[in-house]
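Written out below as structure tokens is the structure these notes cover.
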Amino acid sequence: VKTKQQIIDDGEAARRLLEDTDLARFIGEIEQNCWDEFKQTDPSDRDGREAIYGRLRGIDAVASTLRAMRDNGAIEKKRK
């Protein structure tokens, strides 16, 4: 279980990452590469398409986790 200060610190770190333009650019490039790869797969290549979809969902999971951490940190900071 994280302490209140750890939640605040993690929230600040997550906020910095979310605001990092290089990270946003890299994530955008990864997503675009996944979509480009998806478009090149054969429609019957279920396994290949599912693997690409899994990578895209992973990218979304990272971003949503960072947003949640940022928001939780901001909430804890207000409770101080």
Side-chain angles (χ1 to χ4, degrees):
V1 176
K2 291 184 181 183
T3 67
K4 183 176 192 155
Q5 189 58 51
Q6 286 172 322
I7 294 170
I8 292 169
D9 292 345
D10 285 352
E12 284 297 313
R15 180 192 57 75
R16 284 191 304 274
L17 288 171
L18 288 167
E19 292 175 357
D20 186 299
T21 56
D22 288 328
L23 180 61
R25 182 172 50 89
F26 297 148
I27 288 174
E29 287 178 15
I30 293 167
E31 287 178 323
Q32 187 59 54
N33 289 341
C34 286
W35 284 115
D36 291 345
E37 186 179 345
F38 183 85
K39 290 175 190 174
Q40 294 175 7
T41 61
D42 189 273
S44 64
D45 184 5
R46 183 177 177 182
D47 291 340
R49 287 180 163 217
E50 285 181 358
I52 295 166
Y53 179 77
R55 289 197 305 263
L56 287 165
R57 294 296 300 151
I59 294 165
D60 288 343
V62 168
S64 66
T65 299
L66 288 172
R67 285 191 298 272
M69 292 173 77
R70 176 199 59 200
D71 295 346
N72 289 340
I75 292 167
E76 287 300 321
K77 200 171 191 178
K78 288 181 182 179
R79 291 184 185 173
K80 265 190 163 179

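The basis for the numbers below is simple: all heavy atoms, side chains too, and nothing from hydrogens, waters or symmetry mates.
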Next on the checklist: Tell me every residue that passes side chain to side chain donor-acceptor pair (under 3.5 Å) with E19, counting only those two or more places apart in sequence or in another chain.
Outcome noted: R15
Next on the checklist: Show me the pairs that pass ring-ring contact (aromatic ring centres under 6.0 Å, His included) and involve residues 1-37, at least two apart or across chains.
Outcome noted: W35-F38
Checklist outcome for this item: The side chain to side chain donor-acceptor pair (under 3.5 Å) partners of T65 (sequence neighbours excluded) come to none
Checklist outcome for this item: D60 meets the salt bridge (charged side-chain N to carboxylate O under 4.0 Å, His left out) criterion, sequence neighbours left out, with R57
Checklist outcome for this item: Shortest non-hydrogen pair, E12 vs K77, comes out as OE2-NZ, 3.6 Å
Checklist outcome for this item: By salt bridge (charged side-chain N to carboxylate O under 4.0 Å, His left out), D47 pairs with (sequence neighbours left out) none
Checklist entry - Once you round to the nearest 0.5 Å, how far does CD of E76 lie from OG1 of T3? => result 9.5 Å
Next on the checklist: My understanding is that a hydrophobic cluster links ILVMFWY residues whose side chain heavy atoms are under 4.5 Å apart, including indirect links. Using that, what else belongs to the cluster containing I27?
Outcome noted: L17, L18, L23, I30, I59, V62, L66
Next on the checklist: To the nearest 0.5 Å, what is the distance between NZ on K2 and CE on M69?
Outcome noted: 4.0 Å
Checklist entry - Any chance CZ of R46 has more than 12 other-residue heavy atoms, nucleotides or ligands included, within less than 6.0 Å? => result no
Checklist entry - Going from CD1 on I8 to CD on Q5, what distance comes out if it is rounded to the nearest 0.5 angstrom? => result 5.0 Å
Next on the checklist: Test of understanding: with side chain to side chain donor-acceptor pair (under 3.5 Å), list the residues that count as partners of R67, not counting sequence neighbours.
Outcome noted: none
Next on the checklist: Apply the hydrophobic cluster definition, ILVMFWY joined by side-chain contacts under 4.5 Å directly or through others, and give me every member besides I7.
Outcome noted: none
Checklist entry - Within the side chain of D20, is there an N or O that forms a donor-acceptor pair under 3.5 Å with the backbone of R16? => result no
Item to check | Residues in salt bridge (charged side-chain N to carboxylate O under 4.0 Å, His left out) contact with R70, at least two apart in sequence or another chain | outcome: none
Checklist entry - Rest of the hydrophobic cluster containing V1 (Ile/Leu/Val/Met/Phe/Trp/Tyr, side-chain heavy atoms under 4.5 Å)? => result none
Item to check | Pairs flagged by salt bridge (Lys or Arg N to Asp or Glu O under 4.0 Å) wherever residues 31-44 is involved - sequence neighbours left out | outcome: E37-R55
Checklist entry - How does the hydrophobic cluster around Y53 look, that is, which other residues are in it when side-chain heavy atoms under 4.5 Å mark a link? => result none
